[in-house]
Amino acid sequence: MGRKLLILDDDSAMATTIARIARALSVEAKAVTTIEDARAALLAWQPTDVMIDLRMPGTSGLEALDVLAAELGDLPIYLCSGLGHSVVDAAQRVAKEGQHNIQGQLAKPFSKDQLRDLLFPNGQDGPAPLTGGKAGARNSNLTTHQVRQAIDARKITFLFQPRLWALSRKPEGFEALIRILDDEEGLISPARYAKALEDQELSIELGAAALDPAFAWATAELAPRGLSLLINISAAAAHDPRSVETVLASARKAHFPLELLVIEVTEQSGFVESEEAQKILLAAKLAGCRLSIDDFGMGYSTFDRFTDIPFDELKLDKKITGSVVEQKRADAVARSIIDLAKRLGMRSVAEGVETQQVADHLTNLGCDCLQGFHFSGPLTARDATLWLASQPVSPPSTPMATPAMTNPAIKPDANAWNVAIVDDDSAVRQTITTGLANFGIKAHPFASGKDFLAGCADYDFDAAVLDMRMEGMNGIQVLRELPATLKHLPILVLTSHADMPSAIEAMKLGAVDFLEKPITFQELSNAISDAINSRSVDRQRSETSAQAKETLAQLSKRELEVCELMFQGLRNKEIAQELGISYRTVEIHRSNALKKLDARTASEVGKILAEAGHFDNP
């Protein structure tokens, strides 16, 4: 008897696609979308294997296993989900504890090869050779003609991989990753058609093929949440203005806010060295979108050209990210790139984050955003929506006039930020408190500046929102009387146009931002997030700078001069000539300096010099 796979997935299109992939492996397959249909198929069709999706309306795959336990018996069961590997792994452990015969799991979307490896581990009981010209096609590269056929047949789609804020681990947005679909192969790896995309026209056509549905989804799911969408411009298409124009046109057609759009180019394309790059990217920047440079440090760009292009974010290549914990050199490069981004007022993003250890390490280095399989792999639009719905949101808080003085200085929810709301209007306090809860922010209302100063020490606040105009004690007076222990607290002031002089004075007193009324909850949430992220990084940088200055203070004046020249790339003989000392003396100073700094290379010395602010005042 041959293999017969029953697929239970409420998404009929996905279930049908999985069935087609299975048939391409010479496995008979049947797709059903309800538990009732699955029970009927188990009794009448008698499958040899069962695949169950973990997310279905009104129930879950785990509940379906329990409902169908009698009919399933000891049949091999495979779990799948679009919520990422970590969710599927956890579900597999739970299902095994429930005595179900779980044989494996897949995170959707998956390819033919992944399904083959799941159903036929180690090549055991492998499928019969394919016919109809498909034999030997596995892992073969697609030709230009085959890619164009896929475009014409509308077999192009976008997957969406989440990007998260490093500090809060809350969604920042998604990167859109274009993929080719095949009825038998499933998702085809980009590596298999990379050669074909060296054709500039074909690359532009492929990039445009699925933009409209991608932006339609982003407008419905991301825009209301204020989340970004990143679109890649391929290396081949990067030099053609039509590539960016097509993206902008599709975004406008779907009414997706351009301020939430990020356009990414890869440094390895040589694009940032192109003279036409400035014109193309400047047009996108003027339209309102943000610009990202991928694979930074791995390509061709030079700093003079790089500073001419108004990039908003740098992405650490996954080769660096994957080694940042184990390799000292990778750690030094990551630190340098993150610090460079901060100095240029840019956001740093690390892709390829696959472990908690790497995520925590990059967060400690001050990286702004994280992306990788540790959080989620690329998802279909439907599964990306489900993933968003799975993210924790704090329940609405109960408004109160004055917080109790006995509250412990701890956060009630590790996933929520604690923010003080200081406003003498009870309706405003209640509205803001309830509204911010929908964005995962725990708001604590204070009825006056006096109440805030009296009670703020009893809470571990991440930020405060302060109204300028209040009876008794206004916002300026609150800032002046803020205790020294809270000078690090990011404070945002709410103001009207008439209060602008007060807002400017508030900034001089330490407020990090002023927000003009009226303001939406989305705008307020974004401003709070930016303030917390920025202040946390500033504190980390300040601590790092203090340590670097202390380390640098160990050097003698001559040792410091040798270090500066060494970092500039001069050899010992050249340093000796520059300083008018002997070659042997340079060697001694260099050796002593490296020992004192616990450094091995010129780049490590340069990092310490930069962290200490040695280059800030030439």
Side-chain angles (χ1 to χ4, degrees), residues 267-268 270 272-273 293 295-308 311 314-344 346 348 350 361-362 364-367 540-618:
E267 188 187 35
Q268 296 195 52
V272 294
E273 287 294 282
I293 182 167
D295 304 321
F296 183 73
M298 308 297 289
Y300 306 105
S301 70
T302 57
F303 282 100
D304 59 335
R305 179 65 67 195
F306 172 71
T307 54
D308 288 338
F311 287 107
L314 296 179
K315 288 185 73 175
L316 281 74
D317 184 81
K318 58 186 178 183
K319 293 179 182 178
I320 299 172
T321 301
S323 306
V324 74
V325 174
E326 294 83 6
Q327 297 183 14
K328 191 173 182 179
R329 288 178 179 270
D331 174 71
V333 171
R335 289 173 184 268
S336 299
I337 293 176
I338 291 169
D339 184 65
L340 175 65
K342 299 302 178 189
R343 288 172 180 269
L344 294 176
M346 299 167 65
S348 55
H361 187 78
L362 288 166
N364 290 334
L365 293 185
C367 189
Q540 291 173 348
R541 284 182 58 194
S542 177
E543 293 170 1
T544 301
S545 177
Q547 293 173 356
K549 288 177 179 178
E550 183 178 343
T551 301
L552 213 57
Q554 302 176 68
L555 302 182
S556 67
K557 181 180 178 181
R558 183 64 82 187
E559 288 169 347
L560 181 60
E561 290 174 339
V562 170
C563 285
E564 291 172 343
L565 295 173
M566 179 172 62
F567 180 63
Q568 293 174 23
L570 273 64
R571 291 172 295 186
N572 286 358
K573 183 180 294 186
E574 295 168 326
I575 295 175
Q577 293 174 348
E578 180 73 19
L579 297 179
I581 57 180
S582 70
Y583 177 85
R584 178 58 182 160
T585 302
V586 171
E587 285 186 324
I588 294 172
H589 286 316
R590 177 177 181 139
S591 176
N592 290 339
L594 290 176
K595 287 179 182 178
K596 291 178 181 179
L597 298 179
D598 190 23
R600 295 179 298 176
T601 65
S603 62
E604 291 178 9
V605 171
K607 172 180 170 293
I608 296 172
L609 291 170
E611 287 176 345
H614 191 72
F615 303 124
D616 292 346
N617 298 303

> Does the side chain of Asp317 come within less than 4.5 Å of Thr321's, by heavy atoms?
Replying inline: no
> What distance separates Lys315 NZ from Ser348 OG, expressed to the nearest 0.5 Å?
Replying inline: 12.0 Å
>> Holding to side chain to side chain donor-acceptor pair (under 3.5 Å), I want the full list of residues that pass it with Ser591, two or more places apart in sequence or in another chain.
In response: none
> Is the backbone N or O of Glu574 less than 3.5 Å from a side-chain atom of Gln577, with the two atoms forming a donor-acceptor pair by type?
Replying inline: no
> Taking atom CG of Leu560 and atom CD of Gln554, what is their separation to the nearest 0.5 Å?
Replying inline: 12.5 Å
> If you look at every heavy atom in Met346 and Phe311, which pair is closest and at what distance?
Replying inline: CE-CB, 3.5 Å
>> Under the rule for side chain to side chain donor-acceptor pair (under 3.5 Å), what residues qualify as partners of Asn572, not counting sequence neighbours?
In response: Arg590
>> Which residues pass the side-chain contact (heavy atoms from CB on, under 4.5 Å) test with Ile588, not counting sequence neighbours?
In response: Arg584, Asn592
>> How close do Ala599 and Val605 get, counting heavy atoms only, and between which atoms?
In response: CB-CG2, 4.0 Å
>> Using side-chain heavy atoms (C-beta onward) and a distance below 4.5 Å, is Asp598 in contact with Thr551?
In response: no
> Does the pair Cys563 and Leu597 meet the rule for a side chain to side chain contact (heavy atoms under 4.5 Å, CB included), with working shown?
Replying inline: CA-CA 10 Å; Cys563 285; Leu597 298 179; 4.1 Å; yes
>> Test of understanding: with side-chain contact (heavy atoms from CB on, under 4.5 Å), list the residues that count as partners of Ala576, not counting sequence neighbours.
In response: Val586
> Got a sec, which residues hit side chain to side chain donor-acceptor pair (under 3.5 Å) with Lys596, two or more places apart in sequence or on another chain?
Replying inline: Glu559
> Hey, mind stepping through Val325 and Asp331 against side chain to side chain contact (heavy atoms under 4.5 Å, CB included) and telling me if it holds?
Replying inline: CA-CA 7 Å; Val325 174; Asp331 174 71; over 6 Å; no
> With Arg558, which residues qualify under side-chain contact (heavy atoms from CB on, under 4.5 Å), at least two apart?
Replying inline: Ser556, Glu561, Leu579, Ile581, His589
> With sequence neighbours left out, what residues match Ala334 under side-chain contact (heavy atoms from CB on, under 4.5 Å)?
Replying inline: Leu316, Ile320, Val324, Leu365
> To the nearest 0.5 Å, what is the distance between CD1 (Ile608) and CD (Glu550)?
Replying inline: 12.5 Å
>> Under a 4.0 Å threshold between the charged nitrogen and the carboxylate oxygen, would Asp339 count as salt-bridged to Arg335?
In response: no
